[in-house]
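Protein chains get the first letters and strands the later ones, always in sequence-line order, with residue 1 at the start of each. Any value given below was found using the heavy atoms of this structure, including those in side chains, with hydrogens, waters and symmetry copies removed.
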Number of protein chains: 2
Amino acid sequence: MEKNLKIHPAFDERCPVRASLALLSGKWTLMILFQINENVMRYGELKRAVTGISEKMLIQELNMLVENKLVSKEVYPQIPPKVEYRLTKLGLKTLPIVDQLAEFGLENLV
Amino acid sequence: MEKNLKIHPAFDERCPVRASLALLSGKWTLMILFQINENVMRYGELKRAVTGISEKMLIQELNMLVENKLVSKEVYPQIPPKVEYRLTKLGLKTLPIVDQLAEFGLENLV
DNA sequence: AATAATTCTAACCATTTAGTTAGTACATTA
DNA sequence: TAATGTACTAACTAAATGGTTAGAATTATT
C-alpha cells in the first residue's frame with residue numbers, strides 16, 4: 001500500500017550520533033565494555049563484574065558486540081568450556097565515550 | 001508481597017554512566033540538545049530542525065529536559081503562542097558527549 | 001549417584017519506549 | 001468563510017527492550 005512507504009530521512013540513517021547510540025545505548029552495553037576494558041575476561045568473570053545482569057542479557061550483548069567487532073571472542077575447546085572476551089581496537093575507542101558519560105554523571109547526577 | 005522486593009544493586013543506582021544514559025540515551029534526546037546548542041529555539045523551529053520527530057516525542061522530550069534542568073523554557077503570553085527553549089549551563093555540558101559520539105560514529109560507523 | 005561448575009540457548013512474558021491520530025484555542029491570512 | 005500557523009494534550013497502538021525460567025552438555029567433586 002503506497003501509503004505506508006516510510007520516509008526515513010537521511011538525517012536518521014546517516015547521523016553519526018544516532019549510529020553510535022544505536023550501538024551503545026543499551027542498558028548494559030557500556031558497562032560490559034567498561035568492565036572488559038584492557039583486560040581479558042571470561043564469561044563468568046563478566047557475570048560477576050556486571051552486577052545485576054541476567055545471563056541472557058550478558059551473552060546477548062556479548063554476541064552483539066562480537067558481531068559489531070567491538071569485542072573479540074576466543075573459545076577454548078575444553079570441558080567445562082572456557083571463553084575469553086577482549087576489546088578490539090574498535091572497542092577500545094569506545095572507552096573515551098564511557099569516560100565522558102562518567103564525568104558528566106559524576107559531576108552533575110550522582 | 002515479600003517476593004517482589006526488587007533488589008537494586010548499588011552499582012545500578014549510583015553508577016554515573018548509567019545515570020547519564022538514563023538521562024540521555026533516548027532516541028531523540030541528544031539530537032534535540034545538539035540542535036538547540038548555543039541558540040535560542042522555538043518549538044516550531046525545533047520541529048523542523050529535528051527531522052522525523054513527532055510532535056508528541058518532541059514536547060515529551062522537551063518537558064523531560066526542562067524537568068531535568070538541561071533546558072530552560074520561556075513562554076510568551078501571546079496568541080499565537082511563542083515559546084523559547086535554550087540550553088542551561090548543565091545542558092551545555094552535554095555537548096562534549098555529543099561530540100564524542102559524533103566522532104566515534106563518523107570514524108567508525110557511517 | 002547426585003551435585004556443582006561452565007557457557008550458553010529457547011520460549012515466553014513484562015516493561016519501556018516510541019508512534020499515530022485526533023483535537024484545543026485564538027489570530028492572521030487568503 | 002475557510003484554511004493556516006502556533007504550541008501543545010490525550011488516548012490509543014505498536015515496536016523495542018529487558019527479564020524469568022528452564023534446560024543442555026560434559027567433567028570434576030563430594
Side-chain angles (χ1 to χ4, degrees), chain A residues 1 3-9 11-13 18 21-32 36 40-68 71-86, chain B residues 1 3-9 11-12 18 21-32 35-36 40-68 71-86:
Chain A
M1 315 253 167
K3 217 172 172 189
N4 284 352
L5 289 176
K6 272 196 190 169
I7 294 168
H8 282 303
F11 175 69
D12 224 33
E13 301 296 299
R18 307 250 30 186
L21 283 175
L23 198 58
L24 304 173
S25 74
K27 181 167 177 185
W28 302 103
T29 317
L30 288 170
M31 293 301 142
I32 294 170
I36 301 180
V40 182
M41 294 199 75
R42 294 185 61 181
Y43 173 84
E45 289 182 284
L46 275 170
K47 207 170 83 182
R48 286 184 291 276
V50 183
T51 321
I53 197 170
S54 68
E55 300 202 337
K56 175 198 153 186
M57 287 312 294
L58 182 52
I59 43 132
Q60 189 172 297
E61 290 289 289
L62 283 171
N63 288 340
M64 171 278 213
L65 290 169
V66 169
E67 252 184 44
N68 287 289
V71 168
S72 67
K73 174 178 182 175
E74 190 161 4
V75 182
Y76 295 83
Q78 304 176 352
I79 297 287
K82 175 178 175 185
V83 181
E84 286 179 349
Y85 295 94
R86 68 196 79 200
Chain B
M1 317 247 168
K3 215 169 171 192
N4 284 353
L5 289 175
K6 272 195 190 171
I7 295 168
H8 282 303
F11 175 68
D12 224 34
R18 306 250 28 184
L21 283 175
L23 198 58
L24 304 172
S25 76
K27 180 166 178 184
W28 301 103
T29 317
L30 287 170
M31 294 300 142
I32 294 171
Q35 290 296 334
I36 302 181
V40 182
M41 294 199 74
R42 295 184 61 179
Y43 174 84
E45 290 183 284
L46 275 171
K47 207 170 83 182
R48 286 184 290 276
V50 182
T51 321
I53 197 170
S54 68
E55 299 202 339
K56 175 200 153 186
M57 287 312 293
L58 182 53
I59 43 129
Q60 189 174 298
E61 289 288 290
L62 284 170
N63 289 339
M64 172 278 214
L65 290 169
V66 169
E67 253 184 41
N68 286 290
V71 167
S72 68
K73 173 178 182 174
E74 189 161 5
V75 181
Y76 295 84
Q78 306 176 352
I79 297 286
K82 175 178 173 185
V83 181
E84 286 180 349
Y85 295 94
R86 69 196 77 200

Sorted by chain and number, sequence neighbours left out, salt bridge (Lys or Arg N to Asp or Glu O under 4.0 Å) with B/R48 holds for none

To the nearest angstrom, the CE-P distance between B/M31 and C/dT17 comes to 18 Å

Would you mind telling me which of A/I32, A/L65, A/N63 makes a side-chain contact (heavy atoms from CB on, under 4.5 Å) with A/V71?
A/L65

Would you say B/M31 and B/E61 make side-chain contact, with heavy atoms under 4.5 Å?
no

With heavy atoms under 4.0 Å as the rule, sort A/Y85 into base, sugar-phosphate or nothing.
sugar-phosphate

Between A/K73 and A/Y85, is NZ or CZ placed under 6.0 angstrom from the six-membered ring centre and within 45° of the ring axis?
no

Can you run through DNA chain C from 5' to 3' and write each base as (, ), [, ], | or . depending on how it pairs? Watson-Crick or G-U wobble, both distances under 3.5 Å.
||||||||||||||||||||||||||||||

Rounded distance in Å - CE (A/M57) to P (D/dT17)
9 Å

Is the distance from OP1 or OP2 of C/dC8 to the nearest side-chain N or O of A/N63 less than 4.0 Å?
no

Under the criterion side-chain contact (heavy atoms from CB on, under 4.5 Å), I'd like the reasoning laid out for B/R42 against B/Y76: C-alpha separation, chi angles, the key distance, then a yes or no.
CA-CA 11 Å; B/R42 295 184 61 179; B/Y76 295 84; over 6 Å; no

So that I can tick it off, tell me whether A/E84 and A/R86 are bridged by a salt bridge, with the cut-off set at under 4.0 angstrom between side-chain N and carboxylate O.
yes

Take nucleotides 21-30 of chain C nucleotide by nucleotide from the 5' end and write B, S or -, depending on whether a protein heavy atom sits under 4.0 Å from the base, only from the sugar-phosphate, or from neither.
-----BS---

What integer distance in Å separates B/Q60:CD from D/dA11:C1'?
13 Å

Write down the distance between CE (A/M41) and P (C/dT7), rounded to a whole number of angstrom.
11 Å

Measure the distance from CZ on B/R18 to C1' on C/dT16 and round it to the nearest whole Å.
13 Å

